[in-house]
Peer 1: 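Can you keep this structure in mind? I'll have questions shortly.
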2 protein chains.
Amino acid sequence: MTRADFSDMKIGKGVEWAAHSCALLALLPANAALALEALADFIGVPSPYLAKQMQLLSKAGIVKAKRGVAGGYKLARLPETISLWDITGAIDGTTPSFRCTEIRQKGSCGASSDEVLTACKIAASFKHAEDKFRQELNNVKLPELVAGIAQDVSDQRKSRIKTWIEQNAAFST
Amino acid sequence: MTRADFSDMKIGKGVEWAAHSCALLALLPANAALALEALADFIGVPSPYLAKQMQLLSKAGIVKAKRGVAGGYKLARLPETISLWDITGAIDGTTPSFRCTEIRQKGSCGASSDEVLTACKIAASFKHAEDKFRQELNNVKLPELVAGIAQDVSDQRKSRIKTWIEQNAAFST
DNA sequence: GCATTATGGATATTTTTTATCTTTAATTAA
DNA sequence: TTAATTAAAGATAAAAAATATCCATAATGC
Ligand code: FES
Ligand code: FES
């Protein structure tokens, strides 16, 4: 049972890490990969735990992992095809946040099971609201994210990041 | 520290109970109230725990509690002014689901705190999505909820419910 | 073969949620 | 005024989930 089987719309902090990791990987040249240690160093989080998030991203087909010398992570597909919802879903799962326990059928005036044909209006309303939530996140693709994050970064820091990448990325020959 | 101070967009099962409780209270005549025990019996949940939800609804000004003989709960305001978001917020709190820990400022290429003027694009995107979620729930008022739930209830059961209310509600003289 | 790097599983810790109980305060009716 | 009734508040306990780490294993390139 992976963690994703359980989660719901509550957003774990792993999502923040994963999203920033993807944003960084999007800056890499096509022939480069970043090892877990380098990634954790850049993001500033403990690597053993970040490893879990990266594994989930890998299983979801968002990043591609390569083992061995000069291995590491890179994006598995074009940044334009990766949305914030994809990342959220990979880390936290896609289980709906509202859990209807069918209390309509309980209690002294509970309905019989053959009477409840449609979803309860309450549950349906939450489902609808969650759809909006999901759609909104699905509209935010990686390039937009990268651009938004870059807005706040000074030219000086941008070049520092560029240098860091050159020094820490593993380039395939 | 109340529970509401901590919660986020993850929806606890208490919300389902509270929403159905409000839907029931909306059926009451203006001069009637329902005691906790009766409410718990109708909904089919343990009363000690439901008490907590009712207290939260009371504190939020959604229901009005009256102690003593012939006391109980009734709606504190017009059903038209009570939304599903009001109920959700009262029970689960309104803390945003996404927690930005400002990892921009961490790690080997972290930005200095005076450099991050605006909210991180990632955090901003989640905030935007959550706003949509909230708006959607805020558009669902109690009358719509009651009507939606009633759709699935047979005439026979409707009259059973009506009888139950007459027998279990406390009417002020 | 050897060094390197991700994977998967197991496990530990902490936090949050869920559930219950007990004491206190308020209200009304007799 | 007294007794019965009912909600409020707080303490606490049990269960579940999130968070964090470690280790043995498998894959990869030299
Ligand atoms: S029965 Fe589950 S929300 Fe109404
Ligand atoms: S720093 Fe928190 S989401 Fe980017």
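A, B, ... follow the sequence lines: proteins, then strands. Residue 1 opens every chain.
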Peer 1: Considering just the side-chain nitrogens and oxygens of A/Ser58, establish if one lies under 4.0 Å of OP1 or OP2 belonging to C/dA6.
Peer 2: no
Peer 1: Inspect the contact between B/Lys121 and A/Glu144 and indicate whether a charged nitrogen and a carboxylate oxygen are less than 4.0 angstrom apart.
Peer 2: yes
Peer 1: Rounded to the nearest Å, what distance is computed from the CH2 atom of residue B/Trp17 to the P atom of nucleotide C/dT17?
Peer 2: 15 Å
Peer 1: Taking CD from B/Gln53 and P from C/dT17, how many angstroms apart are they, rounded to a whole number?
Peer 2: 12 Å
Peer 1: For B/Leu36 and C/dT27, what is the distance between atoms CG and C1' respectively, to the nearest whole Å?
Peer 2: 17 Å
Peer 1: Keeping A/Glu130 on the side-chain end and A/Ser97 on the backbone end, is there a donor-acceptor pair under 3.5 Å?
Peer 2: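 Side chain of A/Glu130 to backbone of A/Ser97, a donor-acceptor pair under 3.5 Å: yes, one is there.
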Peer 1: Measure CD/A/Gln55 against P/C/dA10 and give the value in whole Å, please.
Peer 2: 14 Å
Peer 1: If each of A/Ala51 and B/Ala70 is mapped to the nucleotide of DNA chain C with the nearest heavy atom, which maps nearer the 5' terminus, i.e. the 5' end?
Peer 2: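 Going by which nucleotide is closer to the 5' end, it is A/Ala51.
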Peer 1: Taking C-beta and beyond as the side chain, do A/Asp131 and B/Glu136 meet within less than 4.5 Å on heavy atoms?
Peer 2: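 Of all side-chain heavy-atom pairs linking B/Glu136 with A/Asp131, none is under 4.5 Å.
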Peer 1: With a non-hydrogen cut-off below 4.0 angstrom, is B/Pro46 in contact with a base, only sugar-phosphate, or nothing?
Peer 2: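 Sugar-phosphate: the residue B/Pro46, judged by heavy atoms under 4.0 Å, touches backbone atoms but no base.
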Peer 1: Can you work out whether A/Gly68 or A/Lys52 has the more 5'-proximal nearest nucleotide on DNA chain D?
Peer 2: A/Lys52
Peer 1: Does a nitrogen or oxygen in the side chain of A/Arg67 sit under 4.0 Å from OP1 or OP2 of C/dA3?
Peer 2: no
Peer 1: From CD of B/Glu37 over to P of D/dT6, roughly how many Å is that when rounded to an integer?
Peer 2: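 Whole-Å distance recorded here is 9 Å.
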Peer 1: Think A/Arg99 has a side-chain N or O under 4.0 angstrom from the OP1 or OP2 of C/dT18?
Peer 2: yes
Peer 1: Counting just side-chain N and O atoms, does B/Tyr49 come under 4.0 Å of either OP1 or OP2 of D/dA15?
Peer 2: no
Peer 1: Could you give the NZ-to-P distance, from A/Lys66 to C/dA3, as a whole number of Å?
Peer 2: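 The answer, rounded to whole Å, is 20 Å.
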Peer 1: Nearest whole angstrom, please: distance from the C1' of D/dG10 to the CG of B/Leu56.
Peer 2: 13 Å
Peer 1: Could you verify whether a donor N or O on one side chain and an acceptor N or O on the other, from B/Ser154 and A/Glu115, lie under 3.5 Å apart?
Peer 2: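 Yes.
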Peer 1: Classify the angle between the aromatic ring planes of B/Phe126 and B/Phe98 as parallel (below 30°), tilted (30 to 60°) or perpendicular (above 60°).
Peer 2: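 Parallel: the ring planes of B/Phe126 and B/Phe98 meet at under 30°.
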Peer 1: Starting at the 5' end of DNA chain D, which residue's closest nucleotide do you reach first, B/Tyr73 or A/Ser47?
Peer 2: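 Result of the comparison: B/Tyr73.
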Peer 1: Can you check the A/Lys59 NZ to C/dA6 C1' distance for me, whole Å?
Peer 2: 13 Å
